[in-house]
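See below for the structure under consideration.
Atoms within a ligand are numbered from 1 in the order they appear, just like the ligands themselves.
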Amino acid sequence: MDRRDFLRTLVTRTGIGAGVALSGAAGYLGYHQPRREFYVDPFAIGGEDLPERLEIPEKAVVVGGGLAGMAAAMELARRNFEVTLLEASDDPGGKLTGWEVDALGERFPVEHGFHGYFDQYYNLNELFEAAGVGDVFTPAPGYPVKFRERPLEVFGQAPKLFPLNILSVVQQSDSLDMLPILMNFKGMLPVMDMFRYEYGKTFSRYDNIDFMTFCREQGVYDPFLATVLHPFSDATMNRMEVLSAAEALRYFHFYFFGSPEALGYRITKQDCMTALVTPVMRMLEDMGVNVVTGARVSRLVAEGDRVRGVVTGIAGGQEVMRVPYSSVREGEWYAATSPEGVPVLVTLRTGEYVAFDATCTHMGCPVHPVDGGGFFCPCHAGVFDSEGNVVEGPPETPLAKLDVTLSGDQLVLRRSVAGEGEKMLECDYCVLASNVRGTREIIGRSALGRPEFEQRIAALGEADPYIVWRLWLDAPVSSADYPFYTVSGYTYTDSVSIFSRFQEPFISWSARTGGSVVELHAYAIAPEDIRPEAEIREVMLEEMHRMFPETRTASVLYDVFMQQDNFTRWAPGDHGNRPETETPFRNLMLAGDWVKVDAPVFLMEAAVFTGRLAVNAISRQESLRSTPLPIVSMEGMFA
Ligand SMILES: Cc1cc2nc3c(=O)[nH]c(=O)nc-3n(C[C@H](O)[C@H](O)[C@H](O)COP(=O)(O)OP(=O)(O)OC[C@H]3O[C@@H](n4cnc5c(N)ncnc54)[C@H](O)[C@@H]3O)c2cc1C
């Protein structure tokens, strides 16, 4: 073979080799791209030939009117159950709820907090489609991150294909350059590890450490941590330092590495109560669901391995707690919490003891006394007068007064005999879709005699408190190019939504007045940053001024400041102990974003997914067809 023949052969062979290698890699990547699939449901039985509906209706009670409860109620009604949905608050929707405020001579809707609706929320989208919510969404133009010390970065609109999606994150970022990344490829290996998400392995390896430690121990490339992982993981509303690394890996798998939908998300053109919750509630009522709001479930009644009924209200005369009478002084409120977690306020008024159950009747947050008499609920700005009557805000029912008697040196606080009393609703099935606190209280009061289950419920926790602060300003936020920003590096603020950019009636109000309406969120406030409200307001205002300097000269015309601590906690070590869909009671199922599932779902999608799964578990017992549950890829590409 002469030299020319040798070279020709070499080029041909290596060319073919490279071609084969490339097409092999392309084939592998093509085959392993994240895709929408169906959850392998442990409760699914049989197939198309099974009946979808009961012939003779059975009674089902759903506790909690958030997304999990709404999804469960819809699935049960579709199967011909006679469904009662009990919601403690006067308004349904849970964390999607909303109400109206009188401000500046007009009436405005306010919501629990801005929400983004991601394209891979397949189960949530099916719920909204079934309710015919219509054209209520606008696609968000990207995912901008405002850093304290660095210029804005805009992510989003990433290609759906790996590795283009990860490359596009780097390419879209001004502070992440390909060359240093390639030189620091070791620091990117743990990021590649995120493509290996696999429920069993990921949770057994990483649930016991926090995500910050995971990133440090794995040596994640610092700029990638600061620019991408930190700001995005803050959106779990659990701080990285106390967030389970396994939950964080599931979160990134669900929102990015395992999702075929890239970072596409939508926002609502109207407040979510009007756009989403009301149509879903209307659908439920059309399907025959009996929706009862203002119905706080106090306990379950069980017999053997079945729940017989659900009790609302609290028996009159029942002792709540005792407090030493010497600690209660004339004109001052004494605050205490009962062993069951009921907040109480007691005072001496012109020689007479007065006590309240300090649980806000709107969504169950503790109220606190304010100067000049009366009480304020920091969760949704409910105002009560000194007799506990509603003055302003979303609550509709007065605070519950407690009867006070003196026994030795103790004041005994009891449920008022004149109160509502207990009512029991019998049921064949019950889906407990209350939030973490509600579920803990209900199970805590039920004396079920199942210590392991009760311990698992008692161990559920909430994340650090968060703040949602809606402000009406007398000037536009003219430097804001986006409706929503994730924020990184500030003491409090984690996101900013410019409602006057994307939602009515704020767009029209802004056009008429030249003002703007902004919502600041502060997630998972670290214990060392918990300060009096006035100080937090001052710092957050300063943070807004720094982000949008033109707001420095703007006046706040009206505002609604809400601080609460009811967000689900995903701390290291929590997962293994979490309660699952099924319980020791054959006819009691659990649903909510806190329920243990092996599927890659999170937040709103987890709420709806678990609501549907709970009804699939019931369907199995009744030999009914189950609902197929769409999910993103169950495992990472390289798992
Ligand atoms: C500020 C904020 C922003 C968020 N942004 C997003 C986002 O952008 N994307 C996203 O996916 N998720 C987001 N979330 C999370 C999302 O709202 C929740 O994951 C989801 O709504 C939880 O639904 P759920 O049904 O599990 O619980 P909840 O919505 O908490 O519903 C539980 C219901 O049970 C009721 N209840 C409690 N106790 C009782 C009782 N004893 N009797 C009767 N009823 C009871 C409660 O009143 C409540 O209505 C956000 C949350 C907050 C707070």
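Regarding atom 43 (C) of ligand 1, its nearest protein heavy-atom neighbour is Ala88 N, 3.3 Å. Summary of contacts: the protein heavy atom closest to atom 51 (C) of ligand 1 is Phe567 CE1, 3.4 Å. Looking from atom 22 (C) of ligand 1 to the surrounding protein, the closest heavy atom is Asp593 OD2, 3.5 Å. Taking atom 37 (C) of ligand 1 as the reference point, the nearest protein heavy-atom neighbour is Asn435 OD1, 3.3 Å. The nearest protein atom to atom 3 (C) of ligand 1, hydrogens excluded, is given as Phe114 O, 3.5 Å; this is a heavy-atom distance. With respect to atom 23 (O) of ligand 1, the closest heavy atom belonging to the protein is Ala607 CB, 3.5 Å. Of the protein's non-hydrogen atoms, the one nearest atom 27 (O) of ligand 1 is Lys95 NZ, 4.2 Å. The closest protein non-hydrogen atom to atom 42 (N) of ligand 1 is Val297 N, 2.9 Å.
Close approach of ligand 1 to Ala295 is summarised as follows: ligand atoms under 4.0 Å from at least one heavy atom of the residue are 42 (N), 43 (C). Which parts of ligand 1 touch Gly592 is read off a 4.0 Å heavy-atom cut-off, strictly below it: atoms 26 (O). The Gly116 neighbourhood of ligand 1 comprises atoms 7 (C), 8 (O), 9 (N), with distances under 4.0 Å to a heavy atom of that residue. In the vicinity of Leu86, heavy-atom distances shorter than 4.0 Å reach the ligand 1 atoms 43 (C), 44 (N). Within ligand 1, counting atoms from 1 as listed, the ones closer than 4.0 Å to a heavy atom of Tyr466 are 53 (C). Interface of Ile442 with ligand 1, defined as ligand atoms under 4.0 Å from a residue heavy atom, comprises 40 (C), 41 (N). For ligand 1, the atoms lying closer than 4.0 Å to a non-hydrogen atom of Val468 are 1 (C). For ligand 1 and Arg296, the ligand atoms under 4.0 Å from any heavy atom of the residue are 41 (N), 42 (N).
Ring pair His112/Tyr466 is tilted by interplanar angle, where 30° to 60° counts as tilted. Using bins of under 30°, 30° to 60° and over 60° for the plane-to-plane angle, the ring pair Phe499/Phe506 lands in the perpendicular bin. Aromatic ring orientation, Phe453 versus Phe585: perpendicular (interplanar angle above 60°, classes split at 30° and 60°). Ring-plane geometry between Phe118 and Tyr143 is classed as tilted, the angle between the planes lying from 30 to 60 degrees on a 0 to 90 degree scale. Classified by interplanar angle (parallel below 30°, tilted 30° to 60°, perpendicular above 60°), the ring pair Trp472/Tyr558 is perpendicular. The aromatic rings of Tyr482 and Tyr485 stand perpendicular to each other, their planes meeting at an angle above 60°, with 30° marking the opposite boundary.
Every residue meeting the salt bridge (Lys or Arg N to Asp or Glu O under 4.0 Å) condition with Glu100, not counting sequence neighbours, appears here in chain and number order: Arg107. Scored by the ring-ring contact (aromatic ring centres under 6.0 Å, His included) test, Trp469 finds Phe561 as partners (sequence neighbours excluded).
Residue His112 places no N or O, backbone or side chain, under 3.5 Å from any N or O of ligand 1. For ligand 1, one of its N or O atoms has an N or O atom of Tyr121 under 3.5 Å away. Considering backbone and side-chain N/O of Ala68, one or more are found under 3.5 Å from N/O of ligand 1. Not one N or O of Ser89 is nearer than 3.5 Å to an N or O of ligand 1, by distance alone. The distance criterion of under 3.5 Å between nitrogen or oxygen atoms is not met by Leu96 with respect to ligand 1. Residue contacts with ligand 1: Leu67 is placed with a nitrogen or oxygen under 3.5 Å of a nitrogen or oxygen of the ligand (distance criterion only).
Residue contacts with ligand 1, taken as heavy atom pairs separated by less than 4.0 Å, do not involve Ala235 at all. Contact annotation for Phe602 and ligand 1: no heavy atom of the residue comes within less than 4.0 Å of the ligand.
For the pair Met604/Asn123, no side-chain contact is recorded, criterion being any heavy-atom separation below 4.5 Å from C-beta on. Proximity of Met273 to Trp99: side-chain heavy atoms (C-beta onward) are nowhere separated by under 4.5 Å. Residues Val632 and Pro260 meet the side-chain proximity criterion, which asks for heavy atoms closer than 4.5 Å.
Which of His115, Met363, Glu87, Met562 comes nearest to atom 17 (O) of ligand 1 through a heavy atom is settled by distance: it is His115.
Counting only N and O atoms by type, the side chains of Asp41 and Asn616 include a donor and acceptor under 3.5 Å apart.
Atom CE of Met74 is separated from atom CZ of Arg612 by 5.5 Å, given to the nearest 0.5 angstrom.
Cysteines Cys360 and Cys365: SG-SG separation is not under 2.5 Å.
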Inset, instruction - Show your reasoning for whether salt bridge (Lys or Arg N to Asp or Glu O under 4.0 Å) applies to Glu247 and Arg250. - result: CA-CA 5 Å; Glu247 291 289 7; Arg250 164 151 66 178; 3.2 Å; yes
